[in-house]
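Scroll down for the structure; my scribbles are underneath it.
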Amino acid sequence: MSIGTAAPRPFVCQMGPPCARPRATLAVCIALLLTSAAAAPAEEKKQPSEAELSEYKQDFVDFDVNKDNQIDAQEVRSQFKGDLDPRELHQFFIDVDKDQSGTLTLKEYVDYAATLN
């Protein structure tokens with residue numbers, strides 16, 4: 001089963017406010033990766049709706065702890081409080097970080113998140 005087609009399993013975000021809303025998309029992306037770490041992301045381009053785009057942007061802002069408009073592995077790791085396998089986090093960045101900069105831009109994240117719906 002590929003990540004792009006996997007049905008999201010129930011996921012409890014352990015980050016607390018403001019990410020404790022019903023759906024924390026970055027957390028869902030990583031949770032999906034955790035359930036299928038070896039799977040490749042779907043490459044199909046899908047344009048997110050305005051509501052989805054707004055949600056993705058808010059999730060990105062929630063994870064961007066230092067507000068530098070990029071998400072790095074340390075920021076993701078800190079939000080999961082040790083509940084994230086380093087290999088799975090590394091695979092997530094390989095799948096999402098298309099320019100191989102070591103950080104995720106909003107565009108990279110939105111492009112990836114849109115493939116999960």
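The chain is numbered in sequence order, starting from 1.
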Completion exercise
Of all heavy-atom pairs linking E75 and F63, the shortest is CB-O, 3.5 Å

Problem - Separation between CZ of F80 and CG of D85, rounded to the nearest 0.5 Å - result: 12.5 Å

Handout entry: Closest non-hydrogen atom pair, T103 against D97
Key = O-OD1, 2.9 Å

Handout entry: Side-chain touch R77/D72, heavy atoms, less than 4.5 angstrom
Key = no

Problem - Polar side-chain atom of E108 near backbone of D99 as donor-acceptor pair, under 3.5 Å - result: yes

Practice task
Quick one: sort the Y109 and F60 rings into parallel, tilted or perpendicular, breaks at 30° and 60°.
Solution key: tilted

Exercise for the section: Quick one: do L106 and N69 satisfy side-chain contact (heavy atoms from CB on, under 4.5 Å)? Show the steps, please. Expected result: CA-CA 7 Å; L106 177 61; N69 296 317; over 6 Å; no

Fill in the blank from the handout: Smallest heavy-atom separation, P48 atom then L53 atom, equals CB-N, 4.2 Å

Fill in the blank from the handout: So CG of D62 and NZ of K57: to nearest 0.5 Å the spacing works out to 14.0 Å

Practice task
Measure across L104 and F93 and return the closest heavy-atom pair with its distance rounded to 0.1 Å.
Solution key: CG-CE2, 3.6 Å

Problem - Minimal non-hydrogen separation, Q70 against D68, with atom names - result: O-OD1, 2.8 Å

Exercise for the section: Run the numbers on V61 and D59 for side-chain contact (heavy atoms from CB on, under 4.5 Å), then give the verdict. Expected result: CA-CA 5 Å; V61 167; D59 292 331; over 6 Å; no

Practice task
Output the distance between atom CD (E52) and atom CD (Q47), rounded to the nearest 0.5 Å.
Solution key: 10.5 Å

Exercise for the section: Examine F92 together with Y112 and report whether their ring centres are nearer than 6.0 Å. Expected result: yes

